[in-house]
Amino acid sequence: MLKKIIFAVASLCVSVCFAFADVDVNKADQAALDGIKGIGPAKSKLILAERAKGGNFKDWADFESRVKGIGEKSAMKLSDAGLTVNGQARAVAKKDETSDKAANQAKAKTTK
């Protein structure tokens, strides 16, 4: 009985680890892509067709430019859900420094 319980717990741990594994867009099949939150059957077919037509995606910018309907915001959501390009998660977009300075100056004026 104890062996069955230990086996069940070990199986559960292994399955949970696979559930949180990253999916590389260049290596994934349709089922793996469908497992990413935000990618459905139509989008996964589009991704696979583009990969077959133009080869592997070089980076996130390449992925975003080649796959219709994938922009910066959706790419961030897909990356957060576990999608990678060549094993890399999408980097956080850097804010425009000039807009940050202007926002900080405006905030300073309102607090005075």
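Numbers here simply count residues along the sequence, with the first being 1. If you're wondering where the values come from, they're calculated on a predicted model, not measured in any experiment. Worth knowing before you read on, the calculation uses all heavy atoms, side chains too, and leaves out hydrogens, waters and symmetry mates.
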State the CD-CG distance between E64 and D59, to the nearest 0.5 angstrom.
-> 9.0 Å

Roughly how far, to the nearest 0.5 Å, is the NZ atom of K43 from the OG atom of S74?
-> 7.0 Å

Under the salt bridge (Lys or Arg N to Asp or Glu O under 4.0 Å) test, residues paired with D62 that sit two or more places apart = R66

Selection residues 66-85 - residue pairs positive for ring-ring contact (aromatic ring centres under 6.0 Å, His included), sequence neighbours left out | none

Taken to the nearest 0.5 Å, the spacing of R90 CZ from L78 CG works out to 10.5 Å

Just list the side-chain donor-acceptor pairs under 3.5 Å for residues 30-42, sequence neighbours left out, or say none.
unit_1, atom_1, unit_2, atom_2, d
Q30, NE2, S44, OG, 3.4
D34, OD1, S44, OG, 2.8

Should V23 and L46 be counted in the same cluster of Ile, Leu, Val, Met, Phe, Trp and Tyr side chains packed under 4.5 Å apart?
-> yes

Could I get the full list of salt bridge (Lys or Arg N to Asp or Glu O under 4.0 Å) partners for K73, not counting sequence neighbours?
-> none

Qualifying ring-ring contact (aromatic ring centres under 6.0 Å, His included) pairs with a residue from residues 63-91, counting only residues at least two apart or across chains | F57-F63, W60-F63

Not counting sequence neighbours, list each pair that qualifies as a side-chain hydrogen bond (donor to acceptor under 3.5 Å, both in side chains) and has a residue in residues 76-87.
-> N26-N86

